[in-house]
Amino acid sequence: MSFLRDEPLDLSRLVVSVSAPERGAVACFVGTVRDHHEGKSVIRLEYSAYRPMAEVECDRIVAEARSRWDADVALEHRTGVLEIGEASVAIAAAAPHRGAAFAACRYVIEEVKRRVPIWKREHYADGTIGWVEPSQARRPPVGQAAGDASLGPVDSTSQDDWAV
Amino acid sequence: MSFLRDEPLDLSRLVVSVSAPERGAVACFVGTVRDHHEGKSVIRLEYSAYRPMAEVECDRIVAEARSRWDADVALEHRTGVLEIGEASVAIAAAAPHRGAAFAACRYVIEEVKRRVPIWKREHYADGTIGWVEPSQARRPPVGQAAGDASLGPVDSTSQDDWAV
Amino acid sequence: MTTSSQSTVTIRVLLFARYAEALGDNALALTVSSPATLASVIKLLRSQPGGEILPERPLCAVNLVQARLDSPVEAGDEIAVLPPLAGG
Amino acid sequence: MTTSSQSTVTIRVLLFARYAEALGDNALALTVSSPATLASVIKLLRSQPGGEILPERPLCAVNLVQARLDSPVEAGDEIAVLPPLAGG
């Protein structure tokens, strides 16, 4: 199975894939392409990836979420050109109870943003194009060398951060 | 618009209804019928409601979530007979950022369970039928009169409980 | 249409789920002293056949809004007595 | 296929997004002293035309796993230099 997709994502398919008679709670997340970024009007977006590593990293994240919350988890990320409103990422997490489903789902989107080697390039209404840098919150703290970021899994002591 | 539905719920329709170019994060929740409850094998489930009050209460909950998190929120709850695995409740919350989307979605499911006058009757594999009482966690604290539960909106000081 | 004498009022009460089953109907008309409160309606309801299933202080709504037991009620109000909720 | 002399090794480096754009290609072969580390590869990469865009300590992966700059690297390893991630 591939986590990276060149075709439109289908949340319903993910929900079906994780649902089961013993798991009565499904939490989902869909990220869609916004029409603006830092004051500029965006008309379309292009996602590229270091595909083999992105697949491996997605697989690790999903496995971590499954084992931590006894959930079943499905994840897909778009690559290629996306129009405004199209889904860039879709996640479904099913568990016997909703707390675990929400926590697993939230964990996966945070870790995808933090660890999966994917980049995006925005096409603006004024004809310019720009690589999107992660927001301030995701840059290394001030005083640390730029780019000296870590993408290892969160250590187990921070698991509570994901409780929802 | 009606929040109570006699036909199968469609999460995709809810996601589309809340999505917009400026809201790039959609968090969803789907509750499905489980095949067991307190050790008994469940074969089907029946939801009934005090419909006019349930509609009003759902409307209030959605309005609260919208205004607290600047989110757009859609909610549907099934009534009638449901088979195992069918969705009993579906929620989609869209916001510019994922924290707000998750918090709004979680708020709605918790409040639906706490405040909306809906009841369910389980049909068991052994031929018996039982009204489902809320779990221990949702019963009034020990020492409080049975049934003396409140279904008013949470007060504003407890808003942080819903931060995700 | 209900009519009230000088000292009593007839209140229509909606019942649901387990309570409707126990009391044998999903709506009952009860005549109580006027002025009436939710508490006086509940007290009479608990004395009906099957009414012993009701707790002393059940969840109640008047005109679609949760109401305390000391709330006054009048003929024409939509009174509902709600078993523990189980939606979601 | 790369060959190494007694004192140097040729390392193939994958580049992505902004870095690939700046260095004009999504893969480069660099010859560095042996034994080599990620740090020695990055140092040489930063001296290439366009390489000044790289931070001193970029995010790197060796064989699909994030690696520290003091990690040893050999011919045949899949070395990747990653701009700040922007998935999701």
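Numbers restart at 1 for each chain; the letters A, B, ... are given by sequence-line order, proteins then strands.
With a 4.5 Å cut-off on side-chain heavy atoms, A:K113 and B:R98 count as touching. At a threshold of 4.5 Å between non-hydrogen side-chain atoms, the residues B:C28 and A:L11 count as touching.
For A:V15, the part lying near chain B is the side chain, with the backbone staying farther off; criterion is any non-hydrogen pair under 4.5 Å. For A:V30, the parts sitting under 4.5 Å from any heavy atom of chain B are the backbone and the side chain alike. If you measure heavy-atom distances from B:H37 to chain A, you find no contacts under 4.5 Å at all.
Ring-plane geometry between A:F102 and B:F29 is classed as parallel, the angle between the planes falling under 30 degrees on a 0 to 90 degree scale with a further cut at 60.
Across every non-hydrogen atom of A:E22 and B:R34, the tightest pair is O-CD, 3.7 Å.
Ranked by heavy-atom pairs shorter than 4.5 Å toward chain B, the options A:T32, A:D10, A:V26 are led by A:V26. No other option in A:V33, A:V89, A:I109, A:V42 has as many heavy-atom pairs under 4.5 Å with chain B as A:I109.
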